[in-house]
Each structure stands twice: as structure tokens, then as C-alpha cells.
There are 4 protein chains.
Amino acid sequence: MPCVDPANPSSRSSRAESQARTRERLIEAARQLLVSHGFGGTSIRDIAERAGFSQGAFYSNFSGKEDILLELLRRYMEDEAAQLSAVLDRSGDAADAMLAGLELWAAELDRETDWAMLSIELQLHAQRSPAFAVAFLGVWEAHRHALGQLLTRLFHGLGRQLPAEPSALAAGFMAMAHGLALQRLSAPDGPGDCVLMVFLRGLIAGAAPRGDGPGC
Amino acid sequence: MPCVDPANPSSRSSRAESQARTRERLIEAARQLLVSHGFGGTSIRDIAERAGFSQGAFYSNFSGKEDILLELLRRYMEDEAAQLSAVLDRSGDAADAMLAGLELWAAELDRETDWAMLSIELQLHAQRSPAFAVAFLGVWEAHRHALGQLLTRLFHGLGRQLPAEPSALAAGFMAMAHGLALQRLSAPDGPGDCVLMVFLRGLIAGAAPRGDGPGC
Amino acid sequence: MPCVDPANPSSRSSRAESQARTRERLIEAARQLLVSHGFGGTSIRDIAERAGFSQGAFYSNFSGKEDILLELLRRYMEDEAAQLSAVLDRSGDAADAMLAGLELWAAELDRETDWAMLSIELQLHAQRSPAFAVAFLGVWEAHRHALGQLLTRLFHGLGRQLPAEPSALAAGFMAMAHGLALQRLSAPDGPGDCVLMVFLRGLIAGAAPRGDGPGC
Amino acid sequence: MPCVDPANPSSRSSRAESQARTRERLIEAARQLLVSHGFGGTSIRDIAERAGFSQGAFYSNFSGKEDILLELLRRYMEDEAAQLSAVLDRSGDAADAMLAGLELWAAELDRETDWAMLSIELQLHAQRSPAFAVAFLGVWEAHRHALGQLLTRLFHGLGRQLPAEPSALAAGFMAMAHGLALQRLSAPDGPGDCVLMVFLRGLIAGAAPRGDGPGC
DNA sequence: TATGAATGAGTATTCATTCAT
DNA sequence: AATGAATGAATACTCATTCAT
């Protein structure tokens, strides 16, 4: 009898599990290749080969190169959001703890060059594919907003006025973080991400006490 | 007959001029396409076509795609160096004038998104081609050094201590400028380059008076 | 649970019914796609998808694309034979009734462009697959013979001599019918199938009274 | 000196000649393959291979598969037009000569199965590609008109009334000719194209003397 | 029986590059 | 110096077919 006992997950789910494993391996292969060779320099054949599958396997899991990029975007977002909310949660409203948390986050960025490179590839591709841009923009704004909130709470805790719109400052920090990551690869002897903290401290030091309006 | 008399110097120079024109048109076409489609998305055929020449004409002037990229890098460098030295020259040692000059420079960056995109493409390609990386690194360091000098003179004029290595700060500014340019394209409603100045003012405000050592 | 009790005959027959339904839906999907996209332009995936099944379901019912084509051939043959024998039966030996019947048949062909297109696809495929050609030839000859008999009886009833072999004339009529159907699709403002009857009437008018031999 | 003497055609034209030869070989290869394997069954790789060139050579001569089909259509048209006008020219207004000419033409069709098959492929493709249909329709109508004129002159010369619109009768003859060619390949023992003449003679015999109107 | 993930060979098309002209 | 036809390898993607479930 070809019947399957729905109570037995081992047989029923092994198929789904197997496919999930395939998908996962393809995604990881794509991430590595996109980071090191860029969108244009990464072929689907390469992705499938590195994952140890045929090209057809790629196409039964994704509709094309942009599709797997969207999946990477989704994961990138989740990862970043988790990191930021961790900083927020760990430090509560204590400004010192928050600063320390951000320092940790900046140091983290320093090591996770991959995500930074991927972010740049995603931004570049968003600029070139309108369809992808839509998806990307949503993620980006959410990300900028989260970092902006963190900055707001930090300055509030320090009794300082934010010198510009929170999301504008957040954009500046993200831009610098990504730009530095990009530099680090081509010029490995450049400055680390401690520069980021130098700028943050400068911003704090230069910020007016609460009461004045933002300046930008 | 389209023959040229080799004894006639005027025609000989017109030949050289004609070749220079060809080269120029190819470079400009390559710049536009690289900015809008990226290195991987730009084919030599497209470059030649947009310039109004055959593919063979491209190969008569450049040895390949990387070769024309090097030419673009050289021009990018010249352009940036000229801009920075203009800021330096115009303002002498007056801190106020220098700050105003930098503000102008930041505003300039805001408009010249093309150069920023090209810079990112160059950085990405440097990461992928060791041969290109060598050439790129030289230009990059020179550039960073020039901007660092400007910052040194600026802080000196203001009687302040640089909060970090000049070239590290320069790297940070360049990273932010490029990162912001990238963001601006995918998210056009984001913040302008005034953010750059906010950070610079913060750095100045937070900088210790001369005497203490740098902190990074 | 989706299990079926094998001891229950009603469910067993419903299984057979279900399979027959699957088969039927696949055949109909294949017919539509073959007519509109041709043999080469129709993929098994498309057939299964249009029928609402998986590709595996197709292979559970047919051994390949040619197999389902054979099934379509069988049905085509049955349909045509039924139509012709209906004309024969309805009209008995009365020449007038037979002519009227044929006129009806021609008009029918005019509407059923699908079968004509399918017939052309079948003929084309027969030319390309020897295995299929064998099956096709049998059907074709039977068909030609049936139409030939009809013509024989018609001319006999009219007291005329057939101007050529019955099956040769039948072949001519079928050729014209299919060719006209093909034309009608690419050139919809062309002549209808009344042309067929014009030719038939011409044949009758030009036929010698019984006694002389055929001329071809 | 790289100058070329424009008076010497051998060097200047050898390039064009060489390309024309390439193009010609590709067209001939495409014709053969399209006739024997159909549009869907013919790949560009096959065409290039049979012609002895690379796939790239195909693409420097044609923009795609449909493009070479259009070229074949053009040649088919020219060929058919030439054949029909030859029949017309050779026979003047003499009905007998014209009939003999047509008989020759029918016999010719019998041998040139290739063109008939190609015509069917063209018709099928016209049905599936709107862009191609436009080009095809023009050719088709011209062809039908030419054959219609021939029939008009023939019947006029015989003092008979055409039993239907000239172009409708022409469509019928062309349909039969193509349908018979198709049959001949799958059923080689079928009737030859003499059937065509039987139908033509029937049409003439059944035609009313001049004065009555057409019947369709 | 029916599923659909996976395969491997195939499809059309584009690429950087060469070379006779 | 500039042309552009031709190459051969690469590209994204589709195909018929298999097989564990």
C-alpha cells in the first residue's frame, strides 16, 4: 500500500528536508560567490557546481539569479535586524551600555566583511533592476529606521540633541561601515572600524544639549 | 581615394588627432556604461557601439576591458586630486575658508554621483583582479593622503587635535561619501551629503585642543 | 488519511475512474497544445501543467510524447470515420442526399480547424518518426479508402464514371481540406470550404458517363 | 600603405563575397533541416554545423531562427513567382499551351517536395508568430493572386466562366498541391500530382460558357 | 497512481578575442 | 588605425526523463 502514516514524520518529511538542504547549500554557495565575484561575475552554473548540484537543481529551487539574490537579501535583513535588536535589548536605556554595544557592533562589522560586500552588491543590483529595487528599498528603510531609533535612544540617554534626522545619521553610519568594508578588502592596511567610533564620539561631543533643533 | 600622403605633416597630425578622438569617445562610452551597468554588465561590444566604432577599434586602443578601466582610474584620480587641491589653494590656511571649501566639495560629490559609482566599481574590481589592485592601491593611498593633509591643516587652523590618524579619518570620509552616493541611487529620498558636514562638525566639536594625542 | 481500502470495490473502481479522468485530461491538454504550438513547441511539462497534474502523472499514463500522439491519432481516426459513415448512412444510395451530406461534411471541416491542424501535425511527425509512420499509414489508408468508397457510390448513383482511382480522388480532397484549413489560420480572409464543393461539382460535371475507363 | 585601390574589385569584394558565401551556405543548410525536421526540430547549432560554421557565424548573418526563415520565405516566393510567370510567358494566350504549361508545373511540384514542405512549415510558423505572419501573408496573397490570374486567362482562353473567384480557386489548388506533397512523404505509394490535373480538367468541363455568374 | 526534486543534455544567445582586409 | 566576419567558450534557461517517496 502506498499509504503514508501521517504520524510518522521521518518518511514524509525526509523529502522536504532533503529539498531544504539542497536549497540551503545553493544559497550558501551563491552567497560566497556573490561576495567574491559580484553579481555579474557569478554564473548559475558556478553556484550549482559549488553547491554540488546540477544547474537544473538550481532552477527547481529558484526562478533565476535575481530570485536567489532576494533570498540573500531576506537573510541579510534578518541577520542585521537581529544584531541591532540584540544591542538594544542588552543595553536597555543605559547610554554607556549602548555605546559599548555599538562599539561591539562596529567591531563585528569589521570581521563580517562578507555581509558588507553582499550589501554593496545588493545596492548595486537594486540600482540596475527595478523589480529588485522595490524589495530592497523596503528592507533598507526598515534597517535605517532601526539604527536611527538606536541613535535616538543613545543621544536621549546622554541628554544630547541629535544633530540631524535620526535616519539621516543612520544612513551616514551605514554608508561609512560599508564603504570601509569595501576599502579594507582592496587596501587591507587601512584603518579598522574604530574610525566609526571616532566619528560617533565626535558626533556626541559636538551635539548640543537637549533643547536646540537639529541642524541639517 | 581615402589614402593619406605620409609626407604631409598636417594630415599626419590629423591622424593622431583622429585616433585621440576615437580613444576619447571610447573612454567616455565606457565610463557611462560602467557607471550604469557595472563591470560585469558592460561588454566591449556595447562600449564600441555606444562610441560609434567597431570592436576592432576598441582593441586598437586598449588591450581589454581592464585596460580601459585603468585609464578611467587615472582620470578619476586626476579629477579628485584637482578638486581637493583647488579647495586647498582657494582657502590658504584660513580654517573658515577651508570649511566652506569642504562644504562645497561635499555638495559637489552630491551631484557627481557618476564618479562615486565609478569609484565603487573600481574598488570592487580591485578586489577581484590583483593586477588592477596594484594600480588602484597607489591611486587610493595618494588620494587618502591628500584628503588627510587637508584635514590636518583644517584642524591645525582651528587649534584642534585630530582625533585619529589623518588618513584614517580621510578614509572614513571617503567611505561615507561613496556609501551615501550608492544609497542615493537606490533610495533617492534619503539624506543628501549634508550628513557629511554634520559628521565633520561633530569631529571638530569633539576634538581636544592641541596637546593631547590621537585616540584611535 | 488519504488511504483507500483495497477490499472495497466501489473505491477500487473509483480509482480506475480517477485514472481514466487523469488520462482524459492529459489527452485533451495535449491536443490543445499540439494544435496551437505544434509537436516541437509542446513540452510534456506544459501538457501536464495544463491538465493540472505533475510530470510524473504524465509518465504514469504515457511512455512519452509520441505515445500520446498515437492516442490522439486513434481518436482522430475514430472521429473522421464516424463522420464519414454518418454521411453514408444518412443518405443511403440517393445521390442528391449524398451530395448534401458531403456539403455538410465540408462545412464541418470549415469549423473544425483543430482536427485539420492536428492531422497536419500527425502527418509531419509521421514523416519524421518511422515508428509513428507505421501507425499513421494504417489509419490514413483506411480513411482514404472510406472516402474513396463514398465517392464511388456517389458517382455510381449519378451514373458517372470516376475520372480517376477513388482513393486518388479521396487523397486530393483530403489534401485540399487540410491545406485550406492551414491557409485559413494564417490568412483568415481567404476562401471557405465551399471551394471544396466547387471542385467536387466540377469533377461530377466533367465526368464521362459510365462505360469509359478512368483517365489518370 | 593600407590603401586599397577601389578599381580593383578582387581584394575589396573578396570580403563581401566570402560573407555572401557563408550566408548562402547557412541558408541552404537551414532549408534542408527545416524541410526534414521542421522549425521546432531544427536548432541553430545544427544549421551552423551542417553549413560548416560556428554558431557565432550564424548570428553575424542572421538575428535569429525566424530571421533565416524570413529569408527562406523570400526565396520561396521568388522561386514560385518565377515558375508561374514562366508558364504564363511561355504560353501567351493559347489555352492549350497554358494547360500544358500547368501540367508541367504540377509535375514540377511533384518533384519539388522540399518547397512544399517548406511552405507548410512557413504556414505553421506564421500561425504561431504574429511578426512572421505579417511578412508571410503578403507573399501568400501575391502568390494566390498570380495563380488566380493564370486561371482567369486560362478559362477566358477556353471561352468558359470561372466557377468561383479566381483567388479562391487558386487557394484550392495550392492547398491541394501542398497537402498532396505532405501525403506523398508519409505515404509514398499514394497518387501523384496528376490528381491536380484531374481536378483542373473537371473544373473546366463543369464550367458554364461565358455569360453566367460564378457559383460560389 | 501520482508527486516533484534532481539530472544531464539540450536550447538560443552573448561574450571577448582574433585576423584578413 | 579601423573594420567586422568568424570563432569557441560561456551565458541563462528548458527539456525529457528518472526515481525515491
Side-chain angles (χ1 to χ4, degrees), chain A residues 1-4 10-16 18-23 40-48 52-66, chain B residues 2 4 15-16 18-23 40 42-48 53-61 63-66, chain C residues 2 4 15-16 18-19 22-23 40 42-48 53-61 63-66, chain D residues 2-4 10-16 18-23 40 42-48 52-66:
Chain A
M1 239 196 290
C3 290
V4 180
S10 78
S11 74
R12 185 186 284 265
S13 66
S14 73
R15 273 249 264 182
S18 157
Q19 192 189 354
R21 236 180 356 256
T22 303
R23 198 180 157 85
T42 300
S43 74
I44 283 169
R45 179 176 307 180
D46 289 345
I47 295 173
F53 292 98
S54 65
Q55 297 187 62
F58 178 94
Y59 282 99
S60 38
N61 281 281
F62 303 97
S63 69
K65 207 155 56 153
E66 194 163 287
Chain B
V4 181
R15 261 245 221 158
S18 154
Q19 190 184 355
R21 238 185 350 260
T22 302
R23 197 180 159 83
T42 300
S43 73
I44 285 172
R45 183 172 308 180
D46 289 345
I47 295 173
F53 292 98
S54 67
Q55 301 183 65
F58 180 93
Y59 282 99
S60 298
N61 282 280
S63 69
K65 208 156 49 156
E66 194 164 286
Chain C
V4 180
R15 261 243 221 159
S18 154
Q19 191 184 354
T22 303
R23 197 178 158 84
T42 300
S43 74
I44 284 172
R45 184 172 305 181
D46 289 346
I47 295 172
F53 291 98
S54 66
Q55 301 184 64
F58 180 93
Y59 282 98
S60 298
N61 283 279
S63 69
K65 209 156 49 154
E66 193 163 287
Chain D
C3 289
V4 180
S10 78
S11 74
R12 185 186 285 265
S13 66
S14 74
R15 273 251 264 181
S18 157
Q19 192 187 357
R21 233 179 359 254
T22 302
R23 197 179 158 86
T42 300
S43 74
I44 283 170
R45 179 175 306 180
D46 290 345
I47 295 174
F53 291 98
S54 66
Q55 298 187 62
F58 179 94
Y59 282 99
S60 36
N61 280 281
F62 303 96
S63 69
K65 207 155 56 154
E66 194 162 287

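So you know, we letter chains A, B, ... as the sequences are listed, proteins then strands, and number each from 1.
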So [X], base contact, sugar-phosphate only, or nothing? Heavy-atom distance under 4.0 Å.
X     : result
D:T42 : sugar-phosphate
C:Q55 : base
C:S43 : sugar-phosphate
C:F53 : sugar-phosphate

Contact nearer the 5' end of DNA chain E, comparing B:G56 with C:Q19: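 Final value for this comparison: C:Q19.
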
Does a side-chain N or O of [X] approach OP1 or OP2 of [N] to a distance below 4.0 Å, or not?
X     : N     : answer
D:S18 : F:dA5 : no
A:N61 : E:dG4 : no
D:T22 : F:dA6 : yes
C:S54 : E:dT3 : yes

Atom pair CZ (D:R23) and OG (D:S60), whose distance is rounded to the nearest 0.5 Å: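 Rounded to the nearest 0.5 Å, the CZ-OG separation comes to 10.5 Å.
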
[atom1] of [X] versus [atom2] of [N]: gap in Å, rounded?
X     : N      : atom1 : atom2 : answer
B:F58 : E:dC15 : CZ    : P     : 13 Å
C:Y59 : E:dA2  : OH    : P     : 15 Å
A:I44 : E:dT13 : CD1   : C1'   : 15 Å
B:D46 : E:dT17 : CG    : P     : 14 Å
D:I47 : E:dT13 : CD1   : C1'   : 14 Å

A:A57 side chain, from C-beta outward: closest of E:dA6, E:dT21, F:dT7: E:dA6

Side chain of C:K65 - closest among F:dT3, F:dA16, E:dC15: F:dA16

Check: B:R45 side chain, E:dT14 base, donor-acceptor under 3.5 Å: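 Between E:dT14 and B:R45, which were checked side chain against base, a qualifying N/O pair under 3.5 Å is absent.
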
Please name the pair of heavy atoms, one in [X] and one in [Y], separated by the smallest distance, quoted to 0.1 Å.
X     : Y     : value
A:A57 : A:F53 : CB-CB, 3.7 Å
A:T42 : A:K65 : O-NZ, 2.9 Å
C:S54 : C:A48 : O-CB, 3.4 Å

Nearest-nucleotide comparison on DNA chain F, the residue closer to the 5′ end among D:G52 and B:R23: B:R23

Nucleotide forming a Watson-Crick or wobble pair with E:dT7, both distances under 3.5 Å: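 With both distances under 3.5 Å, E:dT7 matches F:dA16.
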
Opposite nucleotide pairing with F:dA1, Watson-Crick or G-U, both atom distances under 3.5 Å: none

